[in-house]
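Notes for the one structure printed next.
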Amino acid sequence: MKFFIDTANLEQIKEAQSLGVLDGVTTNPSLVAKEGIEGRENLLKHYVKICNIVDGDVSAEVISTDFEGMIKEAEELAALHSNIVVKVPIIKEGLKAIKYLNDKGIKTNCTLIFSPGQALLAAKAGATYVSPFLGRLDDIASDGVDLIHRIVPIFRFYGYETQVLAASIRSTQHIIQCAEAGADVITSPLDSILGLLKHPLTDLGLEKFLLDYNSTVGKK
Ligand code: E4P
């Protein structure tokens, strides 16, 4: 399973990269806004900075909702760096854009997926990734992880190469549940990734090992 970080924050991306297990980055217009980036030119420069930190796919989202606008933006984004994957929403125009971009060899991440039907259409259009939003489904008392359990077997059954990128992850437990469900990729905030390291028995065990070492071998 690949690990992506879901942020546009350069420090967090660097920290995740330093762990040695980072495979890519996802951003969206809200995450970009959080970084206080102003102006299109600065945004494009910011994407390049991200691409220079991580040797892997970096999703950058289009904000147009019409086919022509999406294609224009997608081509501009893809030209920035070979790591860029163009993020396109699952709407009618988006679907057409994914098909067009796939034919042109431009990678896409189909975003705002909330149902197996949406994921199926995106896969048929040739999306590189589909991004089911788990946390937002949980927010409305639906079952986000169940969506991964439903999409993965459909893709496996028909042999789609489209990767299931579990998004809107809100916890460490979500990451484990997505791994169990067979997600190809998870994209997560840094805290939830770091949470995977935590276990009280690890802390207690390490404390005891160090104590025993220092009271014998390491005695001065
Ligand atoms: C997906 O790529 C999105 O950037 C993201 O995971 C959305 O997460 P949220 O629902 O926590 O905003």
Side-chain angles (χ1 to χ4, degrees), residues 1-13 16-17 22-37 43 46-47 49-51 53-54 56-65 70 73-74 77-78 83-91 94-95 97-98 101 106-116 118-119 122-123 127-148 151-152 162-179 181 183-196:
M1 188 174 78
K2 288 189 216 162
F3 275 64
F4 288 2
I5 187 168
D6 195 29
T7 184
N9 183 280
L10 299 178
E11 292 316 309
Q12 288 187 21
I13 295 169
Q17 170 68 15
L22 190 67
D23 300 297
V25 179
T26 52
T27 66
N28 65 40
S30 307
L31 292 172
V32 160
K34 256 181 154 175
E35 298 310 307
I37 298 162
L43 174 62
H46 196 81
Y47 287 142
K49 283 183 196 163
I50 296 175
C51 291
I53 299 172
V54 183
D57 286 346
V58 173
S59 289
E61 189 157 342
V62 297
I63 42 103
S64 301
T65 52
M70 283 181 183
E73 269 190 74
L77 291 169
N83 289 358
I84 292 284
V85 172
V86 181
K87 215 169 175 188
V88 180
I90 183 67
I91 54 176
L95 197 63
I98 288 168
L101 294 169
I106 294 177
K107 288 187 186 179
T108 55
N109 173 358
C110 187
T111 190
L112 291 167
I113 297 280
F114 292 97
S115 76
Q118 291 176 323
T128 314
Y129 300 101
V130 289
S131 286
F133 276 35
L134 273 68
R136 293 192 193 185
L137 280 169
D138 288 358
D139 288 346
I140 59 158
S142 193
D143 187 343
V145 174
D146 181 60
L147 181 57
I148 307 297
I151 296 172
V152 167
T162 302
Q163 297 176 57
V164 179
L165 194 172
S168 187
I169 298 251
R170 300 282 169 77
S171 66
T172 300
Q173 184 62 1
H174 262 161
I175 299 178
I176 302 295
Q177 289 170 323
C178 289
D184 299 290
V185 192
I186 58 93
T187 188
S188 161
L190 181 60
D191 283 355
S192 304
I193 297 174
L194 293 176
L196 292 166

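We count ligands from 1, going down the list as the structure has it; atoms in each ligand are counted the same way. Keep in mind the model is a prediction, meaning the values are calculated, not measured. Keep in mind that the numbers below use all heavy atoms, side chains included, and drop hydrogens, waters and symmetry copies.
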### Query
In terms of residue, atom name and distance, what is the protein heavy atom nearest to atom 7 (C) of ligand 1?
Phe133 CE2, 3.7 Å
### Task
Would you check if there is a donor-acceptor pair between the side chains of Asp184 and Tyr129 at a distance under 3.5 Å?
no
### Query
What protein heavy atom is closest to atom 2 (O) of ligand 1, reported as residue, atom name and distance in Å?
Lys87 NZ, 2.6 Å
### Query
If you measure every N/O of Asn28 against every N/O of ligand 1, is any gap under 3.5 Å?
yes
### Query
Would you say the side chains of Ser188 and Asp6 form a donor-acceptor pair under 3.5 Å?
no
### Query
Got a second to check how far Thr187's OG1 is from Asp57's CG, nearest 0.5 Å?
11.5 Å
### Task
Report the nearest protein non-hydrogen atom to atom 8 (O) of ligand 1: residue, atom name, distance rounded to 0.1 Å.
Ser168 CA, 3.3 Å
### Query
Does a salt bridge link Asp139 with Arg170, judged by any charged N lying under 4.0 Å from a carboxylate O?
yes
### Query
Asp6 near ligand 1, heavy-atom distance under 4.0 Å?
yes
### Summary
Near Ala167 (heavy-atom distance under 4.0 Å), the atoms of ligand 1 are 1 (C), 2 (O), 6 (O)
### Task
State the atoms of ligand 1, each with its element, that fall below the 4.0 Å cut-off from a heavy-atom position in Arg136.
7 (C), 9 (P), 10 (O), 12 (O)
### Query
To the nearest 0.1 Å, how far is atom 11 (O) of ligand 1 from its closest protein heavy atom, and which atom is that?
Arg170 NE, 3.2 Å
### Message
Could you tell me if Ser59 and Thr26 have a donor-acceptor pair between their side chains, going purely by distance under 3.5 Å?
### Response
no
### With Tyr47, the side-chain contact (heavy atoms from CB on, under 4.5 Å) member among Asn83, Leu77, Ile37
Leu77
